[in-house]
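Have a look at the structure below before the remarks.
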Amino acid sequence: MKPSTMRLLFGALLTAACVSMPMAAFAQISIGVSVNIAPPAIPVYVQPPCPEPNFMWTPGYWAWDGVSDYYWIPGTWVAAPQAGYLWTPGYWGWGDGGVYVFHGGYWGTHVGFYGGVNYGFGYGGGGFAGGEWRGGVFAYNTAAVHVNTTVIRTTYVNTTIVNNTTIVNNSHTSFNGGPNGVAARPTQEQQAAASETHLPATSAQQQHEQVAKQDKSNFASANHGVPAHAAVPRPVASVAELQHGAVGANAAPGAKPFVPHPTAATPLTPPAETAKPAIRAASLPPHPAPLAPKPPPKPAPHPAKAPPPEHHPEN
């Protein structure tokens, strides 16, 4: 198996479905990405305060660049697409064939299954403890999330729900199932939430994700699993905006530094048989001087006459 495999479930059937389906139904169709390198651990970082009412926290996560590396998409506060909707984060899960499959996040009236991954700030592994909708206004549970109380007035404190929705994950594992993954399965309520009408990531979220991919310092091969730009108060529209307003991260306790797969980051060395001709060609001068013309052959010398035989007189 290759170091990385990307399966794009995309074709004529999906294109036809996009044309004929309403937006809410289309949100349930996703693009599957599978990789056989485990994602890094969730780093430790401070949550920026919520800047405006009815903004929802979308936790940071590791995405795949489609080639050979993971990159961090910073957590941020996002305006909900409509009142009453909550964000279910995406997650990596161990799939068939020894690969990690990414399940994209979505908006819905209930928070569904997100792999039991403890993203923090209300997303403790199951459900959401960061607040609740009260009519058309979202109330924030300050026991789980950080808000700017000078602009947000609707808050409360509930530590019980935080404890009940938190899955102990001291290693900050970022994937479900498989070797060393979180051993969590969806509950009946989460399975029901998965079958409800969903909305995809908003345009601001999608732009935020594209900007994060342009920030090379957020690639795991560069930061070894500790992104320099871990979270921002709002979705960003440029790398400069991301780097200016982001908070940094610390390594997860006990997490090993992320090391990319060697064959994924380094091109293969050509065989010795194919390298030899190149070496010999490089040793020759680029423009060899023409050979000097050979002188005409000299005529062969005449053979010397043999001396006459000696005469021995008879005695």
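Residue indices begin at 1 and follow the sequence shown. Computation of the quantities below employed the complete heavy-atom set of this structure, encompassing side-chain atoms and omitting hydrogens, waters and symmetry-equivalent molecules.
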Practice task
For the pair Tyr45 and Phe121, evaluate ring pair (Phe, Tyr, Trp, His ring centres under 6.0 Å) and give the outcome as yes or no after the intermediate values.
Solution key: CA-CA 10 Å; Tyr45 59 94; Phe121 313 117; 5.5 Å; yes
Handout entry: Ring centroid separation Tyr140 to Phe138 under 6.0 Å
Key = yes
Handout entry: Non-hydrogen side-chain atoms of Tyr156 and Glu132 separated by less than 4.5 Å
Key = yes
Side-chain donor-acceptor pairs of residues 84-93 under 3.5 Å, sequence neighbours excluded:
from  : atom 1 : to     : atom 2 : distance (Å)
Thr88 : OG1    : Gly112 : N      : 2.9
Trp92 : NE1    : Trp62  : O      : 2.8

Practice task
Would you confirm whether Asp69, through its side chain, and Phe219, through its main-chain N or O, come within 3.5 Å as a donor-acceptor pair?
Solution key: no
Problem - Any His224 side-chain heavy atom under 4.5 Å of Val226 side chain - result: no
Practice task
Go through the steps for Gln205 and Thr58 under the test side chain to side chain donor-acceptor pair (under 3.5 Å), then give the verdict.
Solution key: CA-CA 9 Å; Gln205 286 177 282; Thr58 57; 4.6 Å; no
Practice task
Could you tell me the separation between the CH2 atom of Trp107 and the CE atom of Met56, rounded to the nearest 0.5 Å?
Solution key: 6.0 Å
Handout entry: Same apolar cluster: Val236 and Tyr71, side chain cutoff 4.5 Å
Key = no
Exercise for the section: Please report the shortest heavy-atom distance between Asn176 and Val182, naming the atom on each side. Expected result: ND2-O, 3.0 Å
Exercise for the section: Answer with yes or no whether the hydrophobic clustering places Ile73 together with Val211; edges join I, L, V, M, F, W, Y residues whose side-chain heavy atoms lie under 4.5 Å apart. Expected result: no
Handout entry: Intermediate values then yes/no, side-chain contact (heavy atoms from CB on, under 4.5 Å), Tyr114 and Tyr123
Key = CA-CA 9 Å; Tyr114 50 92; Tyr123 292 101; 3.8 Å; yes
Problem - Heavy-atom closest pair, residues Gly136 and Ala83 - result: CA-CB, 4.2 Å
Exercise for the section: Could you tell me whether a side-chain N or O of Asn141 sits under 3.5 Å from a main-chain N or O of Ala129, the two making a donor and an acceptor? Expected result: yes
Exercise for the section: Answer yes when Arg234 and Glu241 have at least one side-chain N-carboxylate O distance shorter than 4.0 Å, and no when they do not. Expected result: no
Problem - Main-chain N/O of His229 paired to Gln243 side chain as donor or acceptor, under 3.5 Å - result: no
Problem - Shared hydrophobic cluster for Leu199 and Phe128 (ILVMFWY, side-chain gaps under 4.5 Å) - result: yes
Practice task
Identify the two heavy atoms, one from Ile152 and one from Val147, that lie closest to each other, and give their separation to 0.1 Å.
Solution key: CD1-CB, 4.1 Å
Problem - Closest heavy-atom pair and its distance - Ala193, His198 - result: O-NE2, 2.8 Å
Problem - Single-linkage hydrophobic cluster Phe175~Val44, side-chain heavy atoms < 4.5 angstrom - result: no
Practice task
Verify the cluster assignment for Val151 and Val78: are they in a single hydrophobic cluster under the rule of side-chain heavy atoms below 4.5 Å apart?
Solution key: yes
Handout entry: Side-chain touch Pro43/His172, heavy atoms, less than 4.5 angstrom
Key = no
Handout entry: Minimum side-chain heavy-atom gap His208-Val232 below 4.5 Å
Key = yes
Exercise for the section: Mind listing the closest non-hydrogen atom pair of Pro74 and Ala212 along with its distance? Expected result: CD-CB, 3.7 Å
Exercise for the section: Kindly indicate whether the side chain of Trp133, heavy atoms from C-beta on, has any atom under 4.5 Å from the side chain of Thr109. Expected result: no
Practice task
For the residue pair Gln207 and Pro235, establish whether any side-chain heavy-atom pair is separated by less than 4.5 Å.
Solution key: no
Handout entry: Shortest non-hydrogen separation from Ala252 to Ile42 and the atoms involved
Key = CB-O, 3.4 Å
Handout entry: Side chains of Val137 and Asn54 in contact at under 4.5 Å (non-hydrogen atoms)
Key = yes
Problem - Heavy-atom side-chain proximity of Pro179 to Trp94 below 4.5 angstrom - result: yes
Exercise for the section: State the SG-CH2 distance between Cys50 and Trp77, to the nearest 0.5 angstrom. Expected result: 4.5 Å
Handout entry: Ring-ring centroid check Tyr70 Tyr100, cutoff 6.0 Å
Key = no
Practice task
Mark yes or no for whether Asn218, through its side chain, and Trp72, through its backbone, hold a donor-acceptor pair below 3.5 Å.
Solution key: yes
